[in-house]
Amino acid sequence: MNPQGSAWAQTLTSAAFVYYLSMTPAAALVNLTQTTVVGVPIMGAYWGKGGQARAAKELAKASSDFLRGRGNAGDSDSMTRDEKRAMQAAL
């Protein structure tokens, strides 16, 4: 699961993706909604009874942390020290 592609191919792919999103607002909307449409049911099933509400709550908290950190959830003031350490360990 670690593809070894060339840098120019990655740049071209990224540029095409950005171009596609800018020309097709519906595609951007689909990408923005996938986290809630797909993520909440999957996480909710993992947590069992009451899992949908818990998943939605945790997703809202993560989104809030991301916005408070201005695009970097690890910079959010609302995160605990342990959460920030876990974010750094994941990098």
Side-chain angles (χ1 to χ4, degrees):
M1 301 295 293
N2 189 12
Q4 300 295 321
S6 64
W8 68 268
Q10 177 62 41
T11 302
L12 187 62
T13 300
S14 297
F17 180 71
V18 170
Y19 173 77
Y20 180 70
L21 288 182
S22 66
M23 293 296 153
T24 320
L29 185 61
V30 166
N31 279 310
L32 288 172
T33 59
Q34 286 304 299
T35 304
T36 54
V37 171
V38 176
V40 171
I42 290 173
M43 289 187 297
Y46 177 77
W47 283 318
K49 187 174 181 176
Q52 299 289 329
R54 181 177 175 195
K57 178 182 170 189
E58 294 296 331
L59 185 58
K61 182 182 180 298
S63 296
S64 174
D65 288 338
F66 183 76
L67 291 173
R68 283 189 182 138
R70 294 182 180 89
N72 184 357
D75 290 341
S76 174
D77 295 335
S78 66
M79 293 180 70
T80 66
R81 192 175 331 159
D82 287 339
E83 289 172 329
K84 288 181 180 185
R85 274 198 307 250
M87 292 281 293
Q88 288 299 319
L91 297 176

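We count residues from 1, following the sequence as given.
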Between Met43 and Ala55 the two heavy atoms that sit nearest each other are CB-CB, 3.8 Å
Distance in Å, Asn31 CG paired with Tyr20 OH, rounded so as to fall on 0.5 Å steps: 9.0 Å
Ignoring hydrogens and geometry, is there a side-chain-to-backbone donor-acceptor pair from Ser14 to Thr11 under 3.5 Å? no
Any donor-acceptor pair under 3.5 Å from Ser63 side chain to Leu59 backbone: yes
Got a sec: does the NZ of Lys57 have more than 12 other heavy atoms crowding it under 6.0 Å? no
Joining Ile, Leu, Val, Met, Phe, Trp and Tyr whenever any side-chain heavy atoms lie under 4.5 Å apart, the cluster holding Val37 also takes in Val38, Ile42
